[in-house]
Amino acid sequence: MKPYDAEGMTDNDLAGFQTFAPPRPSSVVTAGSASDVVKVVEYAAAQNLPVQVQATGHGRSMTEPGAVLIDTHLMNGVRVDPVNRTAWVEAGARWRAVLDAAAQFGLAAPSGSSPEVGAVGYTLGGGYGILARKHGLAVDQVRRMEVVTADGELRMVTADRDPDLCWALLGGRDNFGIVTGLEIGLFDTRTVYGGGMYFDTHLIPKVLAAYPEWTKSLPEAATASVGVIPLPNLPFIPEPIRGRQVAHVRIAFDGPAEIGEQLLAPIQAVGPRLLEHMRTMPYAESGSIYNDPPVPHAYSGDNVLLSDLNPTAVQRISAIVASGPVEPPVLDIRHLGGAVSRVPQVPSAIGFREAQYIVRVISMIGADGIESAWSVQRRLREALAPWTIGRALSFAYLPDPESDPVRTAFHPADYRRLTKLKAEYDPEELFRCGQRIVR
Ligand SMILES: Cc1cc2nc3c(=O)[nH]c(=O)nc-3n(C[C@H](O)[C@H](O)[C@H](O)COP(=O)(O)OP(=O)(O)OC[C@H]3O[C@@H](n4cnc5c(N)ncnc54)[C@H](O)[C@@H]3O)c2cc1C
């Protein structure tokens, strides 16, 4: 355990991947073990200071100044059990470490677009993976969790032994404790077929129009998405797409390349691609499908979960990303359904399983501040309100607090249950620095 006085730390030290509004903790503890986390929680409770947890900063919230920040990045161990096809994943491990460890046994994990994201934070928020339609959400694969609750107790939580706490942590995340490690199910998948294809600006409306019908034709073994991305004019971006607003169609398919190629035909028929890379790849290389930005930056984003994506909804989305005097936001529409929509074996607070698509907008925060990002998010929510059934908390990046992002991420009955359990497990609200469940 390495305790620091936060005064000596720079914004870069504290921020992690999200560089906007770095935390202002009173102290930072780089935890090396579960017992370190126990000590910090006991200390914070005795001092009446809130506790914040951070692995990578990819999903950091606006935080309360003066908190005790538990940095978990050194707790990055991963242990694979090839017989039971599970991995024990420590609090600070990134997906990259899990994917590499699982690959040694020909296994894969329910990871998402970026292998740099923390596996535990991602999973506790739901975890919409690249093969979600085949395997369900990451949260559905959790077998047990080691967690430090507000009373300083280190518990091994399972759905059978602690149904309430387990349900609440799986969705309510650090409102209910600091997870020091969890066991997650793996899949027998060595390779995946997929990649991305880029269409030029003038084809964006056509790609978006074709996307619903195309995705509805895909088998559950395939999960696709489309992004509309204003790419910067920077040398590391490949020349054909550099400095252009493009539609980026991605797909991951757990099946042979010959079938995968056939699945692509309807969307390829929209028009020529500026760039296309599709291949059968080791699952551990699946981060290349999305090619998410690896460099920390300041961003704000929000999302809506939709029951359907019809032509009117598509037109409204197209209007939001239409190029204009202001830099358009990044748009992402992921296809859901399949196993995501089935009742999971492990009960969790993650709801809205019936959603067929998730639509997200993400804006870079520049000199004009976060309000312009919030106004784009408001436009998205208003435009898609007729088809919106909920929100996903893990894709809410510093959204406008006025839009009530936490409450609306749960079914009303589930939110009431969460508030009751919050009163039971954390009556003093020691854990109030993340996306906060308010009683
Ligand atoms: C580039 C990028 C790509 C992404 N891709 C996907 C994707 O494909 N699918 C998807 O579902 N999500 C995706 N996300 C969202 C991501 O899952 C969330 O932002 C997640 O919270 C990140 O977790 P982290 O630990 O890396 O981040 P951190 O900012 O370190 O943590 C975020 C939050 O996770 C919780 N948390 C972290 N560690 C613990 C712990 N030990 N105990 C209790 N709570 C904890 C806390 O609430 C914390 O505030 C992506 C995000 C980014 C920025």
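Below, each value reflects all heavy atoms present in this structure, side chains not excepted, and no hydrogens, waters or symmetry copies. Read the numbers this way: they start at 1 and go in the same order the structure lists the ligands and their atoms. Counting from 1, the numbers follow the sequence of the chain as shown.
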Among protein heavy atoms, which lies nearest [atom], and at what distance?
atom: atom 3 (C) of ligand 1; value: Asp292 OD2, 3.4 Å
atom: atom 28 (P) of ligand 1; value: Gly57 N, 3.4 Å
atom: atom 45 (C) of ligand 1; value: Val53 CG1, 3.7 Å
atom: atom 26 (O) of ligand 1; value: Thr56 OG1, 2.5 Å

Item to complete: Please confirm whether Gly125 comes under 4.0 Å of ligand 1, counting heavy atoms of the residue only.
Response: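 Distance cut 4.0 Å: Gly125 fails for ligand 1.
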Worksheet item: Could a heavy atom of Gly126 be found less than 4.0 Å from some atom of ligand 1?
Response: no
For [atom], which candidate among [options] provides the closest heavy atom?
atom: atom 18 (C) of ligand 1; options: Ala392, Ala396, Ser114, Ser394; result: Ser394
atom: atom 12 (N) of ligand 1; options: Tyr128, Phe17, Phe395; result: Phe395
atom: atom 40 (C) of ligand 1; options: Leu169, Val179, Val117; result: Val179

Worksheet item: According to the ring pair (Phe, Tyr, Trp, His ring centres under 6.0 Å) rule, which pairs have a member within residues 327-380, sequence neighbours left out?
Response: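 Listed by first then second residue: His335-Tyr357, Phe352-His411.
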Fill in: Sub-4.0 Å protein heavy atom next to atom 31 (O) of ligand 1
no
Answer yes or no: does an N/O atom from [X] fall short of 3.5 Å to an N/O atom of ligand 1?
X: His58; answer: yes
X: Pro293; answer: no
X: Arg60; answer: yes
X: Ala55; answer: yes

Practice prompt. Give the contacting part of Arg334 toward ligand 1: side chain, backbone, both or neither, where contact means a heavy-atom distance below 4.0 Å.
Written response: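 Only the side chain of Arg334 comes within reach of ligand 1.
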